[in-house]
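First up is the structure itself, then whatever we jot down about it.
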2 protein chains.
Amino acid sequence: MLSDNLKKVYIFSGLDETELETLSKIVKQKTFNKGDIIFFDTEPYLGFYITVTGLVKIYKISKDAKEHILHLISPYNTFAEVPLFENFNEIFDDSFRYPANAMALEDDTRVILIPARQFRELLESNTKICIKMVSGFAKRLRHLNHHIEELTLKDVTKRVAGYILTEQNKAKDNDSISLNISKNDLAAYLGTIPETLSRTLKKLQDEDMITVDGKVIKICDMDRLKDFVV
Amino acid sequence: MLSDNLKKVYIFSGLDETELETLSKIVKQKTFNKGDIIFFDTEPYLGFYITVTGLVKIYKISKDAKEHILHLISPYNTFAEVPLFENFNEIFDDSFRYPANAMALEDDTRVILIPARQFRELLESNTKICIKMVSGFAKRLRHLNHHIEELTLKDVTKRVAGYILTEQNKAKDNDSISLNISKNDLAAYLGTIPETLSRTLKKLQDEDMITVDGKVIKICDMDRLKDFVV
DNA sequence: TTGTAGTTTTGACTTAAGTCAAAGGGATGC
DNA sequence: GCATCCCTTTGACTTAAGTCAAAACTACAA
């Protein structure tokens with residue numbers, strides 16, 4: 001049910017049943033297939049989104065068609081909330097655009113659109129949501145800081161090794177990870193290109209730190225991998 | 001006066017005189033000289049800061065001593081607010097560290113420290129501040145998104161040209177800018193090294209787009225510079 | 001003024017990572 | 001089945017930007 005989905009979203013976790021009902025009346029649900037565009041950075045801003053199922057990539061494209069992925073949004077996480085706060089008045093005219101592009105990476109990617117105006121009204125009357133919003137932004141800021149640190153201070157090999165360790169840490173149960181995105185997308189996320197990523201994984205394999213089998217990467221020498229990334 | 005300074009800080013701009021008085025009693029003022037460390041990323045988190053005079057750089061250092069500057073904080077802007085929202089309970093134990101390093105870049109750099117606990121209490125009772133905090137974070141997020149876009153999608157020459165145009169846009173009055181930071185720092189901010197920055201500026205000069213005289217950069221061919229960066 | 005330290009520039013060289021082109025793989029649909 | 005498309009890998013080559021070392025310039029202090 002819709003309000004059950006909303007409840008699982010961090011910023012809405014403080015709302016009671018009535019508030020959730022009210023909210024669920026103003027939101028819109030949409031479903032996308034793999035490769036479908038959710039929005040382009042040229043479109044007027046309508047509001048922010050929640051991923052309910054599937055996976056969404058937030059990305060930028062340069063003039064010469066290079067792509068860089070800023071975020072990968074998994075279920076019950078939000079995206080495109082930043083423009084909400086652009087400027088109290090300007091949001092509601094048509095000049096506002098989405099700050100990046102969003103694409104579904106899996107079939108049956110379901111998202112919920114929260115319209116900007118209604119949400120802003122809710123926010124101004126509800127301190128709890130507001131504080132959660134700040135916390136959510138803080139988390140996002142930490143992620144971006146970390147991302148910049150990785151991109152500027154580390155070479156591709158260290159970034160790849162770092163990504164593997166982070167993913168393994170999330171899964172935690174065993175020493176292998178299964179990529180949920182294509183290697184093309186992983187390359188774009190790590191600030192490199194598929195060819196280089198491929199060669200890098202091979203290099204880490206030749207050094208006996210990992211084994212790669214399709215989308216499954218197994219960590220063979222955790223210790224060496226760890227003090228290699230730092 | 002202290003509360004006059006606080007009033008000029010965006011997130012405090014909604015507070016009345018009494019609230020400002022209360023706030024000014026819990027804050028601490030500190031003065032630093034050029035090159036002084038305000039905090040290291042190894043120190044326990046005390047609270048966030050406001051720059052009142054001077055300039056502060058927020059930066060990261062890699063194991064092999066490479067530096068990257070994340071932000072440059074000018075007067076009446078805040079820094080190190082993100083950890084405030086790390087986790088409601090954990091902030092107050094000693095395990096919390098600053099997420100990056102902060103250094104004064106000018107003599108007589110004055111900052112105000114807002115202690116974490118007291119500010120959190122203020123925040124929970126004051127929706128206005130909370131909304132301004134979200135807006136402030138949104139602005140920061142936009143900046144970081146832009147920064148990542150620059151670093152990943154553009155080469156050094158485009159980044160340098162982009163920086164010049166942004167600075168000129170801020171000043172606005174004429175077509176030349178005066179760097180307020182050293183070229184070493186500018187290089188670290190643009191994700192490169194001093195040698196490369198020097199050569200890049202020379203290249204832009206040879207192409208007759210700019211002239212460089214010490215810290216003053218004059219834009220000679222605005223149009224060409226503009227459609228060069230995109 | 002000279003000294004000293006820090007910043008910036010220049011030159012010669014190296015290298016990590018990108019480009020281009022082609023060949024394998026794997027999945028999906030007809 | 002095979003054809004098509006996309007993803008991934010491999011090889012050969014190029015290049016942007018980094019490294020290292022030294023010189024030039026700047027600024028302030030003795």
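Reminder, nothing fancy here: chain letters follow the sequence lines and each chain counts from 1.
Heavy-atom neighbours of Lys139(B) NZ from other residues, nucleotides or ligands within 6.0 Å: at or below the threshold of 12. In Lys28(A), the NZ atom is not crowded: 12 or fewer heavy atoms of neighbouring residues, nucleotides or ligands sit closer than 6.0 Å.
Contacts classified as side chain to side chain donor-acceptor pair (under 3.5 Å) and involving residues 208-217 of chain A (residues at least two apart or in different chains) are not found. Listed by first and then second residue, the side chain to side chain donor-acceptor pair (under 3.5 Å) pairs that reach into residues 161-170 of chain B are Glu167(B)-Lys170(B), sequence neighbours excluded.
Between the CG atom of Leu186(B) and the C1' atom of dT8(C) there is a distance of 13 Å, rounded to whole Å. Between the CG atom of Leu197(A) and the P atom of dA17(C) there is a distance of 12 Å, rounded to whole Å. With rounding to whole Å, Leu105(B) atom CG is found 16 Å from dG6(C) atom P. Put simply, CD on Gln205(A) is 14 Å from C1' on dT10(D), counting in whole angstrom units. One interatomic measurement links the two molecules: CD1 of Ile193(B) to P of dT7(C), which rounds to 16 Å at whole-angstrom precision. Between the CG atom of Leu201(B) and the C1' atom of dT10(C) there is a distance of 14 Å, given to the nearest Å. The CG atom of Leu151(B) sits 18 Å away from the P atom of dA16(D) (whole-angstrom rounding).
Every residue was checked against the salt bridge (charged side-chain N to carboxylate O under 4.0 Å, His left out) condition with Glu195(B), not counting sequence neighbours, and none meets it. Shown here are the ring-ring contact (aromatic ring centres under 6.0 Å, His included) partners of His143(A), two or more places apart in sequence or in another chain: His71(A), His147(A). Partners of Pro194(B) according to the side-chain contact (heavy atoms from CB on, under 4.5 Å) rule, which considers only residues two or more places apart in sequence or in another chain, are Asn184(B), Ala187(B). Remark: Ser176(B) pairs with Asn174(B), Val216(B), Lys218(B) by the side-chain contact (heavy atoms from CB on, under 4.5 Å) rule, at least two apart or across chains. Take Lys57(A) and apply the salt bridge (charged side-chain N to carboxylate O under 4.0 Å, His left out) test, not counting sequence neighbours, and it matches Glu67(A), Asp185(A).
In this structure, Lys7(B) is not positioned above the aromatic face of Phe12(B) in the sense of NZ or CZ being under 6.0 Å from the six-membered ring centre and within 45° of the axis.
One side chain, Tyr76(B) or Asn5(B), offers a donor N or O that lies under 3.5 Å from an acceptor on the other.
Heavy-atom distances under 4.0 Å link DNA chain D to Asp155(B), Val156(B) of residues 152-162 of chain B, given in residue order.
Using a 4.0 Å heavy-atom distance criterion, Gly191(A) is classed as a sugar-phosphate-only contact.
Contact between the side-chain N/O atoms of Thr192(A) and the OP1/OP2 oxygens of dA17(C) is not found at any separation under 4.0 Å. The phosphate of dT9(C) (OP1 or OP2) has no side-chain N or O of Lys202(B) nearer than 4.0 angstrom.
The CZ atom of Phe79(A) lies 8.5 Å from the OH atom of Tyr98(A); values are rounded to the nearest 0.5 Å. We find the CE-CG distance between Met209(A) and Asp223(A) to be 11.5 Å, quoted to the nearest 0.5 Å. Interatomic distance, CD1 of Ile181(A) versus CG of Leu186(A), reported as 4.5 Å (0.5 Å rounding). Interatomic distance, CG of Leu141(B) versus CG of Leu141(A), reported as 4.0 Å (0.5 Å rounding). Distance check, rounded to the nearest 0.5 Å: CG of Asn33(B) to CG of Asp108(B) gives 7.5 Å.
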Polar atoms only, N or O, under 3.5 Å: list the protein pairs with nucleotides 4-8 of chain D and their distances.
unit_1: dT8(D); atom_1: OP1; unit_2: Lys183(A); atom_2: N; d: 3.1
unit_1: dT8(D); atom_1: OP1; unit_2: Lys215(A); atom_2: NZ; d: 3.4
unit_1: dT8(D); atom_1: OP2; unit_2: Lys183(A); atom_2: N; d: 2.9
unit_1: dT8(D); atom_1: OP2; unit_2: Asn184(A); atom_2: N; d: 2.9

For nucleotides 20-30 of chain D, tabulate all protein N/O to nucleotide N/O atom pairs closer than 3.5 Å, reporting atom names and distance.
unit_1: dC20(D); atom_1: N4; unit_2: Glu195(B); atom_2: OE2; d: 3.2

Protein-nucleic acid N or O pairs under 3.5 Å, nucleotides 23-25 of chain C:
none

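The C1' atoms of five pairs define one axis at each end of the helix from dT1(C)-dA30(D) to dC30(C)-dG1(D), and these two axes lie 30° apart (to 10°).
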